[in-house]
There are 2 protein chains.
Amino acid sequence: MARATGIAVWTRIAAQLREDIASGAIVPGGRLPPEAALASRFAVNRHTVRRALEDLARDRLIRIEHGRGSFVAEPVLDYQINLRPRFSEWVRRHNREPFGDKLSLRMIDPADLPECTIIREVLGLAAGEPVLELLRRGTADARPLSLSRHIFPARLEGLHAALLNHATITAALAQIGIADYLRLRSRITCRMPTPRECALLELERDAPVLHCENVNVTAANTPLELCFAIYPSHRVALIVEPTA
Amino acid sequence: MARATGIAVWTRIAAQLREDIASGAIVPGGRLPPEAALASRFAVNRHTVRRALEDLARDRLIRIEHGRGSFVAEPVLDYQINLRPRFSEWVRRHNREPFGDKLSLRMIDPADLPECTIIREVLGLAAGEPVLELLRRGTADARPLSLSRHIFPARLEGLHAALLNHATITAALAQIGIADYLRLRSRITCRMPTPRECALLELERDAPVLHCENVNVTAANTPLELCFAIYPSHRVALIVEPTA
DNA sequence: TTTTATTTGTCCGTATGTATG
DNA sequence: ACATACATACGGACAAATAAA
């Protein structure tokens, strides 16, 4: 790195690294070379490189992890939690191509699910009344964004077939005569992902996920769906804008 | 454990364990004896104990961690994200005793903080304009619930002294003439805690925390505060109930 | 479980160029 | 011309966190 240009060396190193990231030479989520390697590449002291990296980290372009390295931050999609939960619309609003993988669909007795008590209570199910469980993976531009388990009362006429035939839940519900559905309540926690979830989300196993439990109802306010969804925290942030 | 009472043995073991937990014989967050130890204590096979543990896990009374053990779940406080952020009121509504530790209060140039860009933008600061940074720990019944960094424009007359003199932010703001303040927007993500955060929150290193970035404004809609807060996910859940 | 290597974080210090008074 | 303050850049040593053997 040439000197005496009137601009600090670390500033120009930072600019070069910004360019490398913008050009895609280092992919989002990818790792930068270690500080020592960058120092020798730019022929400067390690401290000078560190000053440049601090600058990028301050702008959230990279995140520096003690003992591990520096990583290019992935673009985070802000997901606004509003009255109507619609995955595809949300992704398209961010100018990305949405896609919903249907992983599985089955009818099951909620007693065989760990969330048994909540499911029965929220959906108002009688003992032994079965539910439909849909597993779904949400993707934007080939990057997995969510894993969701949708629980519907199995008594809804024709829903099983409709869910099989349509790409989106909104479309399937429309077919059986439910033109609109609303978010009643969301409960947000976070946890570590299971190995299976890591594989499906293409996630490292030390990256926590946001966990949402959503209660959705019809426009007539009857319980319709309980949805458990997880989101990789490095790719998704939840936005809440209270209005009342 | 006596047999032939007409009630399954695992049911009575589960009932006994529920009592142990309810009575506080095992503290929340504490570890249950290994399955083998429980089996010998109740003089049953390990599989019978496992059936009982599954029952407790289904009710979220314990969480079973592969290769680690079973742990008594801590009571989770539901924190509703509504228009007025008030820590003390929230905790009191759950019949627990709130307490706010002031960890530090200082005036600082936001350029020295990693969230420099966001702070300037949200609070509408001129370059070099200082801010007040208040670090706070929220506790309920001696259990740490939150760690928050509150950023105020330092230009607010008398705020430094008011924050020092009052236990709550609401009271400090009231003293300088700000009778009400509102949540404009919250951005929710999650991450792993730092070692320092673990110590302050009395948290294990592998437990993720919810991370909230809150923008709060005065009743007149002028930017007042940027608040970064973290919550241990095993103790706090965030509730959102959309209304529009 | 323990050890070793890698990588980042935090000190210590030294030297130089530049702006200010 | 000189003193001072400040930002920049370099060098080395060790601590702390992580990953792999």
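Just so it is clear: chains get the letters A, B, ... in the order the sequence lines come, proteins before strands, and each one is counted from 1. Nothing here was measured: the structure is a model prediction, and the numbers come from that model. As a basis for the values below, the full set of heavy atoms in this structure was taken, side chains included, without hydrogen atoms, waters or symmetry mates.
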Going by salt bridge (Lys or Arg N to Asp or Glu O under 4.0 Å), name the residues that satisfy it together with [X], two or more places apart in sequence or in a different chain.
X: A:Arg136; result: none
X: B:Glu54; result: none
X: A:Arg68; result: A:Glu65, A:Asp206
X: A:Glu241; result: B:Arg185

Using atom names, set out every protein N or O paired with an N or O of nucleotides 4-7 of chain D below 3.5 Å, distance rounded to 0.1 Å.
none

- Message: Per the side chain to side chain donor-acceptor pair (under 3.5 Å) rule, what does the pair list look like for residues 228-237 of chain B, sequence neighbours excluded?
- Response: B:Glu74-B:Arg235

- Task: Could you pull out all residues at least two apart from B:Arg50 that satisfy side-chain hydrogen bond (donor to acceptor under 3.5 Å, both in side chains)?
- Result: B:Glu35

- Item | Contacts of type side-chain hydrogen bond (donor to acceptor under 3.5 Å, both in side chains), residue B:Thr218, not counting sequence neighbours | B:Thr222

- Find which nucleotide of DNA chain D each of A:His47 and A:Arg51 is nearest to by heavy atoms, and output the residue with the more 5' nucleotide. A:Arg51

- Item | Phosphate contact (D:dA9 OP1 or OP2) by A:Asn45 side-chain N/O below 4.0 Å | no

- Message: Less than 4.0 angstrom between a side-chain N/O of A:Thr48 and OP1 or OP2 of D:dT8, yes or no?
- Response: no

- Message: Tell me the interatomic distance from A:Ile13, atom CD1, to D:dT8, atom C1', rounded to whole angstroms.
- Response: 12 Å

- To the nearest Å, how far apart are A:Glu204 CD and D:dT18 P? 14 Å

- Query: In chain order, what residues pass the side chain to side chain contact (heavy atoms under 4.5 Å, CB included) check against A:Asp59, with sequence neighbours excluded?
  - Reply: A:Arg18, A:Leu61, B:Thr117

- For A:Pro75, all residues meeting side chain to side chain contact (heavy atoms under 4.5 Å, CB included), sequence neighbours excluded: A:Pro28

- Heavy-atom pair of closest approach, residues B:Ala39 and B:Asn45: CB-C, 4.1 Å

- Message: Counting only heavy atoms from other residues, nucleotides and ligands, does the tally under 6.0 Å from CD of B:Glu121 exceed 12?
- Response: no

- Message: Based on the rotation axes of five pairs at each end, what angle does the helix from C:dT2-D:dA21 to C:dG21-D:dC2 bend through, to 10°?
- Response: 10°

Under 3.5 Å between N/O atoms: give me all the protein pairs with nucleotides 4-8 of chain C, atom names plus distance.
unit_1: C:dT8; atom_1: OP2; unit_2: A:Glu35; atom_2: N; d: 2.8
unit_1: C:dT8; atom_1: O4'; unit_2: A:Gly67; atom_2: N; d: 3.3
unit_1: C:dT8; atom_1: O2; unit_2: A:His66; atom_2: NE2; d: 3.2

